Amino acid sequence: MPSEFALIRRHFTRPARHTDLAVGDDAALIRPSAGMQLAISTDMLVAGTHFFPDTAPEDLGWKTLAVNVSDLAAMGAAPRWVVLAASLPAPDEAWIAAFAKGFFACSEAFGIDVIGGDTTRGPLNLCPTIFGEVPVGRAITRAGARPGDDLWVSGTPGRAALGLAQLRGEAELADGHRADCLAALHRPQPRVALGLALRGLANSMLDVSDGLLGDLGHILEQSTVGAVISESALPLAALQAACADAALAFRACTAGGDDYELLFTAPAARRTEVEALALQLGLPLHRIGTITPASQGLRLQGHDGQLHPLAARGYDHFGR
């Protein structure tokens with residue numbers, strides 16, 4: 001049976017690109033670029049809570065890093081370094097090798113150095129901490145939304161939720177959409193290029209991890225604003241084609257989470273710049289609403305034009 005240190009050397013030690021000292025010592029040494037702030041985030045993935053225990057380890061390796069990369073994308077930061085703490089039930093070398101393959105595939109895709117971490121025996125639990133860089137004063141936070149801003153979301157939020165519904169036996173997705181929704185769940189694509197391009201353009205931003213409405217609530221709270229979402233502007237067509245259930249498609253889009261798309265606000269006067277950015281990146285960007293004064297709360301404008309109050313609720317690990 002390989003030792004903890006042999007597993008680290010064999011599967012998690014790779015050449016570093018922009019690190020002074022990486023894996024192998026008591027701590028890593030990194031040097032931020034001149035004029036940059038460090039953006040740091042951590043996300044824990046626990047078997048049975050965030051993923052099925054029998055999830056393919058290569059997919060899990062990708063997702064474990066990708067969800068952390070997405071947090072930096074949401075700040076307009078470029079990912080640079082990551083450390084990984086993991087508890088494993090057993091030193092299953094085949095499982096670890098497949099997990100490492102997916103983890104390093106994501107690190108290579110986004111130019112990230114893996115610079116250390118820790119392993120121990122215990123329930124399957126994966127906890128990366130990621131470090132990135134953003135020019136001083138240019139980070140995009142949740143606190144900058146202003147009344148009159150357009151509200152945008154990237155991609156098609158809800159695909160991962162439909163993939164999860166398929167796995168749970170709660171939906172039977174159409175053949176032409178099933179693989180796409182499962183890929184969204186298992187191999188999310190962090191919108192790093194979009195986050196970087198939105199520096200100086202977006203007033204506020206976050207990634208959709210716990211559901212569009214719930215995450216929007218964080219922007220509304222931090223920015224002290226309200227919002228109107230247009231039902232007709234939500235990207236529902238592909239979701240409805242996938243599940244043939246309009247109510248399920250709406251719930252998946254607005255409350256599903258786990259897609260890691262970017263939700264952001266930008267001045268209405270710069271709408272054409274956002275539209276041009278969508279074409280440049282080859283990524284759909286949907287203008288789904290407007291930011292309003294806080295006194296108006298969060299409302300949905302239905303197909304009939306009427307405004308209906310909405311609750312900004314998303315997934316809560318300690319909620320009921």
Side-chain angles (χ1 to χ4, degrees), residues 1-16 22-24 41-73 79 81-131 159-169 173 178-190 192 207 209-210 256-260 315 317:
M1 183 177 293
S3 71
E4 170 190 357
F5 304 106
L7 289 172
I8 291 170
R9 283 194 300 270
R10 193 172 302 160
H11 300 292
F12 292 97
T13 303
R14 308 281 176 92
V23 177
S41 180
T42 190
D43 250 321
M44 188 182 302
L45 280 75
V46 179
T49 299
H50 300 95
F51 60 91
F52 293 112
D54 62 352
T55 297
E58 187 174 338
D59 287 341
L60 183 58
W62 174 280
K63 186 170 184 175
T64 296
L65 182 50
V67 301
N68 284 261
V69 174
S70 182
D71 283 335
L72 296 192
W81 305 276
V82 68
V83 297
L84 173 64
S87 65
L88 306 172
D92 180 341
E93 189 154 13
W95 189 97
I96 292 169
F99 175 88
K101 182 179 180 181
F103 193 85
F104 278 97
C106 190
S107 76
E108 290 291 331
F110 295 99
I112 302 166
D113 283 351
V114 180
I115 60 172
D118 189 30
T119 58
T120 188
R121 184 185 294 272
L124 183 55
N125 181 4
L126 306 157
C127 186
T129 299
I130 193 166
F131 304 78
R159 293 157 57 235
L162 290 186
L164 181 60
Q166 170 77 32
L167 293 180
R168 285 176 168 170
L173 303 183
R178 187 180 303 118
D180 175 67
C181 291
L182 289 173
L185 177 65
H186 293 310
R187 292 257 180 167
Q189 301 298 313
V192 173
D207 67 335
S209 57
D210 295 324
D258 224 18
D259 290 280
Y260 303 96
Y315 181 76
H317 288 283

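If you read the sequence from its start, that first residue is 1, and numbering goes on from there. Only a predicted model underlies this, so the values are computations on that prediction, with no experimental measurement involved. Note: hydrogens, waters and symmetry copies are ignored here, and every other heavy atom, side chains too, is used.
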Measure the [atom1]-[atom2] distance between [X] and [Y] for me, rounded to the nearest 0.5 Å.
X      : Y      : atom1 : atom2 : value
Ile115 : Phe131 : CD1   : CZ    : 5.5 Å
Glu58  : Arg187 : CD    : CZ    : 5.0 Å
Asp258 : Ser209 : CG    : OG    : 8.0 Å
Met44  : Thr129 : CE    : OG1   : 9.0 Å
Leu162 : Leu167 : CG    : CG    : 11.0 Å
Thr49  : Asn125 : OG1   : CG    : 9.0 Å

Do [X] and [Y] have side chains that approach each other closer than 4.5 Å (heavy atoms only, starting at C-beta)?
X      : Y      : value
Leu126 : Phe51  : yes
Pro53  : Leu124 : no
Leu88  : Phe99  : no
Val82  : Ser107 : no
Leu65  : Val114 : no

[X] side chain to [Y] main-chain N or O, any donor-acceptor pair under 3.5 Å?
X     : Y      : result
Thr64 : Leu60  : yes
Ser70 : Val67  : no
Trp62 : Pro188 : yes
Thr42 : Pro128 : yes

Salt-bridge present (Lys63, Asp43; N to O < 4.0 Å):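 No, this pair does not count.
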Closest heavy-atom contact between [X] and [Y]?
X      : Y      : result
Gly256 : Ala161 : CA-CB, 3.6 Å
Arg121 : Pro89  : NH1-O, 3.1 Å
Ala66  : Pro190 : O-CG, 3.4 Å

